[in-house]
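Order of listing sets the numbers, starting from 1, for every ligand and every atom in it. If you read the sequence from its start, that first residue is 1, and numbering goes on from there.
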Amino acid sequence: MLLHARFVERPLILLSNDDGHFSRGIQAMRAALSKIGDVVIAAPETEQSAASHALSLHKPLRLRRVEEGVFAIDGTPADSVYVALHADNRVLPRRPDLVVSGLNHGMNLGQDVFYSGTVAAAREGALRGLPAIAASVNLKADFAAAAEVCAGLALKILARPIQDAVLVNVNIPREWPNGIRATKLGSRHYEEVLDFRKDPRGREYLWIGGPGVRHEPDLGSDTDAYDQGAISLTSLVLDLTSSAHSTLLKELST
Ligand code: MN
């Protein structure tokens, strides 16, 4: 595929995630994206899964250069992208052409997008007006092959003549005999659990969240695509305004 004429040099891709800069998923993605552009990683120092879009406004952060083109930030996924985009040229030589987040270790389907640090890192790029891809993969999938699919999607997004803040959530099942399809968000139901325990000093502590998750069949959804062995592409909005309950809002307005 030919890139648009604006690319006099290789595209610059900012790569982040929520599993940490060292994770298997981000390394697979770095290898695949490096074939289509210059890749700079700015990602959390430690795992930040389910950190959503938190920003560390109340603690100092450290930006650590791990190696050429790899930076670790001891904050959240959104911090990482924020820092990379605003650090003048400490991290990036110029404004990137694309932000990619992933490969996340595990799926981000349905309402997961509200909790996902992977999606948030991509969304932080989209909020700055950049095209962005969040990509998540089944732990038993071939990570290299999954990353190659994402690089192909990235190339197509970079090739568009107009670069707007498209935000695409990609989910890659263990195998994808049924290809790649456009989807809407499905609905995932997690086991809602509080597990109260006692520490060695007799004080109570607790874990939130159960291990179980299920979803119902839902035509056209990312969860259906997952069940059917297809890669799902869901476009996410940045404007969360709903037209539902407009009558109620009118009644509440004075
Ligand atoms: Mn994660």
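- Salt-bridge check for R10 with D38: passed, with a basic side-chain N closer than 4.0 Å to an acidic carboxylate O.
- When you scan the N, O or S atoms of D18 for the one nearest the Mn ion (ligand 1), you land on OD1.
- S52 pairs by the side chain to side chain contact (heavy atoms under 4.5 Å, CB included) definition with R123, not counting sequence neighbours.
- For the Mn ion (ligand 1), the N/O/S atoms of S49 include one lying under 2.8 Å.
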Evaluation steps, salt bridge (Lys or Arg N to Asp or Glu O under 4.0 Å), between D218 and K184: CA-CA 9 Å; D218 184 0; K184 62 173 185 171; 3.3 Å; yes

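- Among the atoms of N104, an N, O or S atom falls under 2.8 Å from the Mn ion (ligand 1).
- Residue pairs that meet the ring pair (Phe, Tyr, Trp, His ring centres under 6.0 Å) test with at least one member in residues 104-130, sequence neighbours left out, are H105-F143.
- In D19, the N, O or S atom that comes nearest to the Mn ion (ligand 1) is OD1.
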